[in-house]
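Note that ligands are numbered from 1 as they come in the structure, with each ligand's atoms numbered from 1 the same way.
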Amino acid sequence: MQVDKVLFKSCGDNRGQLIALEEFKEIPFSIKRVYYVYDTTQGVKRGCHAHKSLEQMLICIHGSCKILLDDGVEKETVLLSDPRVGLHVTNRIWREMFDFSPGAVLIVLASKLYDENDYIRDYVEFKKYVAAK
Ligand code: TYD
């Protein structure tokens, strides 16, 4: 599955930690959009879609959450609980985010602007889409 966990370098000193992310350096694509998920209602599942062409880097910068990834053949669940770790999710991967800890903040860096036409929100349609190519 085309999903990588990336460990970012943290610039720590006696004042604390700082992580900087730049496009084509720590982030392997041009960053066109940033959004974050916070104040998540306990027990909910978010995401539940795939993208036709969007790439993303998911970072749980506070607390933890789990990400279910599915390329149409294999499924894998990844725990994000470290602000130094990014999950690089390419296109054509179904993702579901769940088990958000209270106060968790998930930040997402995206390679394109928001475009509803890039979404596949129906799982049956996703399975057909990946099987066809
Ligand atoms: P939604 O796609 O339901 O989020 P998730 O994938 O986490 O379940 O998005 C929630 C709302 O936010 C929806 O009305 C669309 C809007 N939205 C934007 O306006 N821009 C964005 O970049 C994103 C990701 C969502």
S.K.: Do Glu116 and Arg121 meet the salt-bridge criterion of a basic N to acidic O distance under 4.0 Å?
M.R.: yes
S.K.: Tell me if the CZ atom of Arg33 is crowded by more than 12 foreign heavy atoms within 6.0 Å.
M.R.: yes
S.K.: Would Arg121 count as a contact residue for ligand 1, given that I'm defining contact as a non-hydrogen atom of the residue lying under 4.0 Å from a ligand atom?
M.R.: yes
S.K.: For the pair Glu76 (side chain) and Leu69 (backbone), establish whether a donor and an acceptor sit closer than 3.5 Å, ignoring hydrogens and angles.
M.R.: no
S.K.: Within the structure provided, determine whether Ile19 and Glu26 are in side-chain contact (heavy-atom separation under 4.5 Å).
M.R.: no
S.K.: Would you verify that at least one protein heavy atom lies under 4.0 Å from atom 15 (C) of ligand 1, or report that none does?
M.R.: yes
S.K.: Identify, by atom number and element, the atoms of ligand 1 in contact range of Tyr119, meaning under 4.0 Å from any of its heavy atoms.
M.R.: 24 (C)
S.K.: Among protein heavy atoms, which sits nearest to atom 17 (N) of ligand 1, and what does the distance come to when rounded to 0.1 Å?
M.R.: Tyr114 CE1, 3.9 Å
S.K.: Please report whether atom 7 (O) of ligand 1 has a protein non-hydrogen atom at a separation of less than 4.0 Å.
M.R.: yes
S.K.: Taking distance alone, with N or O pairs closer than 3.5 Å, would you say Met97 contacts ligand 1?
M.R.: no
S.K.: If you count every heavy atom of other residues, nucleotides or ligands that lies below 6.0 Å from Lys128 atom NZ, does the total exceed 12?
M.R.: no
S.K.: Tell me which one of Lys45, Arg95, Glu116, Arg46 gets a heavy atom nearest to atom 10 (C) of ligand 1.
M.R.: Arg46
S.K.: Would you say atom 23 (C) of ligand 1 touches the protein, meaning some protein heavy atom is under 4.0 Å from it?
M.R.: yes
S.K.: Closer than 4.0 Å to some heavy atom of Arg33 - which atoms of ligand 1 meet that?
M.R.: 21 (C), 22 (O), 23 (C), 24 (C)
S.K.: Does Tyr114, at its OH atom, have more than 12 non-hydrogen atoms belonging to other residues, nucleotides or ligands within less than 6.0 Å?
M.R.: yes
S.K.: Where does the angle between the aromatic ring planes of Tyr123 and Trp94 fall among parallel (under 30°), tilted (30 to 60°) and perpendicular (over 60°)?
M.R.: perpendicular
S.K.: Can you check whether a protein heavy atom sits less than 4.0 angstrom from atom 4 (O) of ligand 1?
M.R.: yes
S.K.: His49 heavy atoms, cut-off 4.0 Å: which ligand 1 atoms fall inside?
M.R.: 6 (O)
S.K.: Tell me if the OH atom of Tyr38 is crowded by more than 12 foreign heavy atoms within 6.0 Å.
M.R.: no
